[in-house]
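Each chain gets a letter, A, B and so on, in the order the sequences are listed, and its residues count up from 1. All heavy atoms count here, side chains included; hydrogens, waters and symmetry mates do not.
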Amino acid sequence: MHMADALLSPAVGGAMWVATAGTIFYCSKKVKEDLDDRKIPLMGVLGAFIFAAQMINFTIPATGSSGHLGGGLLLAILLGPHAAFLTIASVLMVQALFFADGGLLALGCNVFNLGVFPCFIAYPFIYKPIAGINPTPLRITIGATLGAVIGLQLGAAGVVLQTVSSGISELPFNAFISVMLPIHLAIGLVEGLVTAAVVSFIWKSRPELLELTADTRPLGDISLTKVIGALGVAAVITGGALSWFASSSPDGLEWSMFKVSGHEELEAPEKGIHHTLAVLQEKTSFLPDYSFKAGDPEAEGLAETGSWPAVDSGTTISGLVGGVMTLALALSIGFLFRKRSKTA
Amino acid sequence: MAKIDTAFFDLTKLEEMANNDTVIHRIDPRVKVLVASIFVLCVVSFHKYTISAILPFGLFLIIVINLAEIPTPFLLKKIVLVSPFAIMVGIFNPWFDQQPIMVLGAITITGGWVSFVSILLRFCLCVGAVLVLIASTGFNTICFAMVKLGMPKIFAVQLLMLYRYIFVLLEEGLRMYQAMTLRTFDGRAIAMRIYMHLAGQLLLRTLDRAQRIHLAMLCRGFDGNIRVCQTLRMAKLDLFFFAVCFAILLLMRCYNIPAMFGRLITGIT
Amino acid sequence: MSHHIVEVQDLSYTYADGTKAVDGISFRIHHGESVAVVGANGAGKSTLLLHLNGYLTPQNGKVRIGDFPLTRKTIKNIRKTVGMVFQNSDDQLFMPTVYDDVAFGPLNLGLAVEEVEERVIEALSRTNSEHLKDRPPYKLSGGEKRAVAIATVLAMSPDILVMDEPTSNLDPRARRSLIDLLSGFHHTKIIATHDLDMVLDLCERTIVILEGKIMADGPTVEIFQNTALLATCHLEKPLRMQPSPVIGPKVQ
Amino acid sequence: MSHHIVEVQDLSYTYADGTKAVDGISFRIHHGESVAVVGANGAGKSTLLLHLNGYLTPQNGKVRIGDFPLTRKTIKNIRKTVGMVFQNSDDQLFMPTVYDDVAFGPLNLGLAVEEVEERVIEALSRTNSEHLKDRPPYKLSGGEKRAVAIATVLAMSPDILVMDEPTSNLDPRARRSLIDLLSGFHHTKIIATHDLDMVLDLCERTIVILEGKIMADGPTVEIFQNTALLATCHLEKPLRMQPSPVIGPKVQ
Ligand SMILES: Nc1ncnc2c1ncn2[C@@H]1O[C@H](COP(=O)(O)OP(=O)(O)OP(=O)(O)O)[C@@H](O)[C@H]1O
Ligand SMILES: Nc1ncnc2c1ncn2[C@@H]1O[C@H](COP(=O)(O)OP(=O)(O)OP(=O)(O)O)[C@@H](O)[C@H]1O
Ligand SMILES: [Mg+2]
Ligand SMILES: [Mg+2]
């Protein structure tokens, strides 16, 4: 599932972008150091393969819904983690640009969710130890299925965290994650089975291709500490960026602090279901609602930044009138251009 | 029909648009990439209840779309096509956030509805921005621009190669899919069991192809480095365009122009 | 059964990107006829063939196969009636073994297992490839693949065989045995190809296409003698109708 | 420079799965010769060609190109001397535009940008495809792709051209213009193909391979008249040397 720009705050989106870009630089360096120039065409063509294979839908047995190949783990198995990460990033970039899956800002999140987990967690720590150096179809199946499931669960959790900490959507963490995880458990199972089948197929028909392509070096290549370290760095960057944004807009910070503390001044409706939900959200969203800029309430349009629950009818009406006028202007511009291009 | 047909269509269609020649097409790709990024960043940085202040960005986009002569129905169709996730997540807002935000006569509008509309608006603008970028620039040019902006070369090279072979592999996949459909009769999507074989077969062919391509590259002196003579020249006009767009975007971000305008008209302060 | 078995009326097809691949084509092919469709690269041959088996539905005009007009409803029947052999056998063979691949279609028809088995064996023996039964398709030679691809289609017992460039990439002997195989079939045959010598051997009638339009439709021998027509359509006389080169022209 | 430019001595190659694709092949090809390598599907033609530009290194036996024996050290030089045109042009055109693709090799040679430009333009004009310069490869027709693929190789100014099935999947006119193009080159040419009629036009010498072994090596015209040899090697006389069919044999 692809994260969308519309649900992201710039702080979260930006932090994920930085983390992703950093990983891309790191992996590019690694692949270059690898000095295996076979990998360059291989990455390109396998990326195209994933792209094409994803475009064919199949029915998932007993559910009637349709699925498609995920690809992250498959690429890691065929290319090794670093090259695979770059390839996934490329596939997602093409999808973002041509099919508007996600968006420019969300690209960081999507690459992170669909790339880091399969390549740097699922592959080295799950698939590889299980499949081993001399894989058998059974080992491949177990490893691939488990790897895909766990990779996707982490990815889904990533989507939830990013959405919730962006605070554009009101979905509470608990509710959201309790929907996302089971759905992605099913998807992960399917993806794992397909990955396993495809890898076994290659392994049976042309074993030398797997040897050729796979990162033959054992686990030592990427150590647990390194991965945890990298993720830690990403987290620190995220947190740092967040607090930077937060401190640069004290109003927003103040606002969310008030919200967390449930301060009286805010006069939030603290009764009934809203209250419980609000409390639930406070409890569960460990990254509270940071807002990017709420500095100048006048400029923001008081009603919309909603320094809660100020219902200033004056500002609201002028906002409405102005908004309608902007819309009308937009439409007429479009219309004018159309006319001109027709007469031209 | 399968998605694979439409994918082919989308790619070729957008690529074709990118071959047009308009004011927007002629701008340096780096400028376009940067402006698109700033645009998206501005749009998503508004507070979740913002609607009117975002509208001018739509205006900006519509002007660019028209200058670039991109067919609007095509864009709208694509936007609608990808909207489900944003809508699915956003639709919960009215439910969870029932805080009244404004009262219009008898109707009380809650924060949830306002933020839902805001999400949809952001969504259309962000998706629109991406599509306009690609339709007015083309994929390869964007790649070159990104390299100039600091993207690692090795990443760019395989990205270009991926893009090149998408067309080849989509066609190959499409033909396999056709061959398979012709021997199935219930018209549903294909069974997972069959898909596995199909994908395995395609992968096998892909791996063989990768070997042949590598050979072709070696035959022409490939040594791990890709050299491309591609020159991008930043003209004064490009810088000017960038400055203007930047200023406009910043202005729209900092001031709620519709509200100011509305205040001016209605006289309410 | 209808007298004429394949009828195309004013068929047009434009791809999503605006390429007009087929542009107002009409013809009738009768039961048992063997017809070649020839033309330059990109003339629209493959696109035309995809209409005959219901992969593409007509955007404009009509296609009738046997007694049925081609519509969403009749597609199932039409796919049973028309068997299509692809240009690249690799596109067509995707199951783990030759047997599975040939059985794929009959199983989808919902036949009983014994009947499926019978059909598979029969189809394989008609293409002389029974011995390949348990081999995986990707390990076969080009000629063997082509024979198996034809067997997968024969197993559906179609009335009409549609083939896209059946002789491409075959060595001369494999090409010859394919031609012999095909000439032994009494199906209605529609063959798109660049191999005009095969057309000479197999098809009494030829349809020439240029840029999606029919330029000529008539007896093969007449068409191949019309040098001007062939030249405008990017074709040449079949090699056997060209003058034999002087023996030893270039030995230095 | 050495008198004989390509020399293969007792070359053998076995694939990882145990297939013995090349089995003790020896020959010498002199400067400026044009030699055809023919044989059945799977005879080992492509495998043999892969040795000539150093993609495969000999498991057994020796390969000498010009003055150098083929070893890890000389591979780079040999690849500059030998230009290879692939059967599938898509494999060879991997850059975003035709220009970039043709420039790829010269840039790797470390030439200055102006010289690269010159070479690209020259190579494209020699294959009559200058107008395709800015097109992406996937928008080219089969014949155009083949011409550009040859241009990419010519831009490296090789001494020897090695081609694997250059005429496959081309329509008759595109095939003819390719043959005309190739006959205008004065490079040493080694062509693996099933198109024996092209061999008749282009190559004065033919090497016949069967199951990895050389069955015959001699003047083309002699070989094509040896019907028994052709039959054992899964070949046939070129179509133009076959009797013209009776006109109208099948019209009912
Ligand atoms: N999926 C597609 N989308 C867009 N255009 C297509 C598609 N498939 C084919 N075309 C175009 O339609 C035209 C007809 O193509 P078609 O494949 O029918 O030609 P053909 O006669 O079979 O050529 P060939 O002899 O090379 O096989 C060509 O211009 C081709 O580029
Ligand atoms: N990568 C590979 N692994 C294993 N066997 C292979 C491989 N490539 C080719 N072979 C086998 O080696 C033999 C020679 O193949 P080769 O491709 O050289 O034949 P060819 O003469 O070029 O045939 P064609 O005319 O069909 O192109 C064949 O039996 C083939 O199956
Ligand atoms: Mg075709
Ligand atoms: Mg070959």
Chain B contact via V179(A) - side chain, backbone, both or neither, heavy atoms under 4.5 Å: neither
Quick one, L78(A) and L203(B) - any side-chain contact, counting heavy atoms below 4.5 Å? yes
Do you know which two heavy atoms are closest between L193(A) and M192(B), and how far apart they sit? CB-CE, 3.7 Å
Residues which pass side chain to side chain donor-acceptor pair (under 3.5 Å) with Y195(B), listed by chain and number, not counting sequence neighbours: none
Most chain A-contacting option - heavy-atom pairs closer than 4.5 Å, from C126(B), G90(B), P152(B), A199(B): P152(B)
Validation row: I56(A), L174(B) side chains within 4.5 angstrom (heavy atoms): no
For T163(A), all residues meeting side chain to side chain donor-acceptor pair (under 3.5 Å), sequence neighbours excluded: none
Counting only heavy atoms closer than 4.5 Å, note whether A89(A) contacts chain B via side chain, backbone, both or neither. both
Can you give me the closest heavy-atom contact between L104(A) and S37(B), atom names plus distance? CD1-N, 4.2 Å
Should we say atom CH2 of W17(A) is surrounded by more than 12 heavy atoms from elsewhere, each under 6.0 Å from it? no
Between T195(A), I40(A), L74(A), who has the most heavy-atom pairs with chain B when the cutoff is under 4.5 Å? I40(A)
Select, from D208(B), L215(B), L218(B), the one with the greatest count of heavy-atom pairs under 4.5 Å involving chain A. D208(B)
Between R122(B), Q158(B), M217(B), which shows the greatest number of heavy-atom pairs under 4.5 Å with chain A? Q158(B)
Determine whether a donor-acceptor pair (N or O, by modelled atom type, separation under 3.5 Å) exists between the side chain of K78(B) and the backbone of F98(A). yes
Under 4.5 Å heavy-atom distance to chain B, tell me which part of I50(A) shows up: side chain, backbone, both or neither. neither
Within a strict 4.5 Å, meaning less than it, do heavy atoms of the F49(A) and R205(B) side chains meet? no
Tell me the closest heavy-atom pair linking L42(A) and A210(B), and the distance in Å. CD1-CB, 3.3 Å
Checking side-chain contact (heavy atoms from CB on, under 4.5 Å) against L97(A), which of I134(B), T137(B), L131(B) comes through? I134(B)
Max heavy-atom pair count under 4.5 Å with chain B, selected residue of C27(A), G103(A), A53(A), S200(A): A53(A)
D37(A) (side chain) donor-acceptor with H214(B) (main chain) under 3.5 angstrom: no
F176(A) portion near chain B, given a 4.5 angstrom heavy-atom threshold: side chain
Choice from I213(B), L61(B), I119(B) maximising heavy atom contacts with chain A below 4.5 Å: I119(B)
